[in-house]
Novice: 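One structure follows; several queries about it will come next.
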There are 2 protein chains.
Amino acid sequence: MKEITIQQNKVLDCIQEYINKTGFPPTRANICKELGFKSPNSAETHLRALEKKGFINIESGTSRGISLVNPVEIEENGFPIIGLVAAGSPTLASENIEKTVNCPPTFFGSGFDYFLRVKGLSMKDAGIMEDDLIAVKKTQDIRNGDIVVARIEDEVTVKYFERKSPSIIHLQPANNDFSDIEINLEETELYIEGKSIGLIREN
Amino acid sequence: MKEITIQQNKVLDCIQEYINKTGFPPTRANICKELGFKSPNSAETHLRALEKKGFINIESGTSRGISLVNPVEIEENGFPIIGLVAAGSPTLASENIEKTVNCPPTFFGSGFDYFLRVKGLSMKDAGIMEDDLIAVKKTQDIRNGDIVVARIEDEVTVKYFERKSPSIIHLQPANNDFSDIEINLEETELYIEGKSIGLIREN
DNA sequence: TAATATACTGTATATACATTCAGTATAATT
DNA sequence: AATTATACTGAATGTATATACAGTATATTA
């Protein structure tokens, strides 16, 4: 965005205030009245300058055809999106972070830690589709039926959690094309990264 | 807020969409073009009715002097959640708003207008489950395969959109337990409230 | 039965508005 | 020294726009 002069900034502010106050943009005459100009051409030339510099759009031949070009919102501390790779643990290392999503920490009721981008359709019948973002809360407080992010040896997967016995865990997909994974904790290492407490889909 | 007729609701939606699209309110002629009216007075009378019922303000003698009384979505990045009721149009009237969700307007790429809480499982195979919140963008720019919020006569539903011929539209569920809805536009009134551009699930 | 609200078409018109042209003047570039 | 951007006044003009008026028609309310 190019430089802006003091007068042009006044005009830009004037437009913003006018829209906030009335709900629609000002005419040239409105701007003149607000800023004390005596000729509509004073507003006109400032508007042309603002358009040229990319701060506003002007719809030609249209009354009040001014629209603000909103600058990109400031990216505050958002939540990271982590890609779910077939092998490897989803770490918060920066190289694994696709981008960050700006939303309140309490977006899904209780707090969560990161978003995980889902690959595959193994949880299709639970309404979790390819490329969905599941909100993951890092916790070991897992109950039967929870959707968990589990790491078996080096492979990360999203499944329903079902404890059959103290040492036998079933990880169940929500898709008939996939089979249950039975894990004997005495033979195989299982680590629960966390559980899904919400979902976002960007179409 | 008083009752609103279907036609008046169309005009209200039209105004909102126009502002979203252009940044400034429509003229009478703009509304006529969008909704297929042939006389500017058609828009005029609807506007007067909407003003009388308190949905809009009209600044007399002013071009494009229409302002929305209830621009809920502008309030601090809060987007309203509207319940999907079997009968009736999802309006932004305050009594229909469950609560508001705080998230950036560009959360799903392009802008959207409100969240609709989904009832039933007719879009189950598209990963849309009961009580999910779909992000609805009010628009008439619909393409085959889009997930739309449609109103057939007085019933609101979420389905895939498929235009079979200029006057035949299929609304397809994503669930084998449900059947396609075939609509002949010459016999049945169909109004597209908007399309789904994203989804949020709160577990 | 009369009155009112809804839902339109169609014509007409005063004016609100965008936009161009003609100037004046100052400061910053090239 | 010439050009360009900024910062205005003032007048003129075509048209974009609001809005009234005249109809037609149906449904609802008092």
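In the text below, chain A, chain B and the rest are named by the order of the sequence lines, each starting its count at 1. What's counted below: heavy atoms across the whole structure, side chains too, no hydrogens, waters or symmetry copies.
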Novice: Heavy atoms only, 4.0 Å cut-off, all strands: where does B/Gln7 land among base, sugar-phosphate and nothing?
Specialist: sugar-phosphate
Novice: Just how far, in rounded Å, is C1' of C/dT6 from CD of B/Glu44?
Specialist: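 Rounded to whole Å, this separation is 15 Å.
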Novice: Between A/Ile31 (CD1) and C/dC17 (P), how many Å, whole number?
Specialist: 12 Å
Novice: Which whole-number value in Å describes the distance from A/Arg28 CZ to C/dA16 C1'?
Specialist: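 That distance rounds to 13 Å.
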Novice: Assuming nearest nucleotide by heavy-atom distance, tell me which of A/Ser60 and B/Lys38 is located more 5' along DNA chain C.
Specialist: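 The residue closer to the strand's 5' end, by nearest nucleotide, is B/Lys38.
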Novice: Can you establish whether the number of heavy atoms outside A/Gln140 located under 6.0 Å from its atom CD is more than 12?
Specialist: yes
Novice: Under a 4.0 Å threshold between the charged nitrogen and the carboxylate oxygen, would B/Asp131 count as salt-bridged to B/Lys119?
Specialist: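 A salt bridge links B/Lys119 with B/Asp131.
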Novice: Should the pair A/Phe108 and A/Phe115 be assigned to parallel (<30°), tilted (30 to 60°) or perpendicular (>60°) ring geometry?
Specialist: perpendicular
Novice: Taking for each residue the nucleotide of DNA chain C bearing the nearest heavy atom, is the 5' side occupied by A/Ala29 or by A/Asn41?
Specialist: A/Ala29
Novice: Provide, to the nearest angstrom, the distance between the CZ atom belonging to A/Arg64 and the C1' atom belonging to C/dA18.
Specialist: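 It is 12 Å, rounded to the nearest whole Å.
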Novice: I need the CZ-C1' distance between A/Arg48 and C/dA18, as an integer number of Å.
Specialist: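 My rounded result for the distance is 8 Å.
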Novice: Rounded to whole Å, how long is the line connecting atom CD1 of A/Ile6 with atom C1' of C/dA27?
Specialist: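 Interatomic distance, CD1 of A/Ile6 to C1' of C/dA27: 14 Å.
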Novice: Answer yes or no: does a side-chain N or O of B/Lys52 lie under 4.0 Å from OP1 or OP2 of C/dA5?
Specialist: yes
Novice: Whole-Å distance between C/dC17 P and A/Glu59 CD?
Specialist: 17 Å
Novice: Measure from CD on B/Gln8 to P on C/dC8 and round the result to the nearest Å.
Specialist: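 Computing the B/Gln8:CD to C/dC8:P distance gives 10 Å.
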Novice: Compare all side-chain heavy atoms of B/Met123 with those of B/Tyr160 and state whether any distance is below 4.5 angstrom.
Specialist: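 SC-SC contact between B/Met123 and B/Tyr160 confirmed.
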Novice: For a quick check of understanding: with a heavy-atom distance under 4.0 Å over all strands, which category does A/Ser42 fall into, base, sugar-phosphate or nothing?
Specialist: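 Contact class for A/Ser42: base.
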Novice: Is there a side-chain contact between A/Glu193 and A/Asp113, using heavy atoms and a 4.5 Å cut-off?
Specialist: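 Answer no - side chains too far apart.
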Novice: Could you list where the contact with chain B starts and ends along DNA chain D, reading 5' to 3', using a 4.0 Å heavy-atom cut-off?
Specialist: D/dT17 to D/dA22
Novice: For A/Asn176, does the CG atom sit with more than 12 other heavy atoms under 6.0 Å from it, leaving out its own atoms?
Specialist: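 No.
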Novice: Would you check if there is a donor-acceptor pair between the side chains of B/Thr157 and B/Lys159 at a distance under 3.5 Å?
Specialist: yes
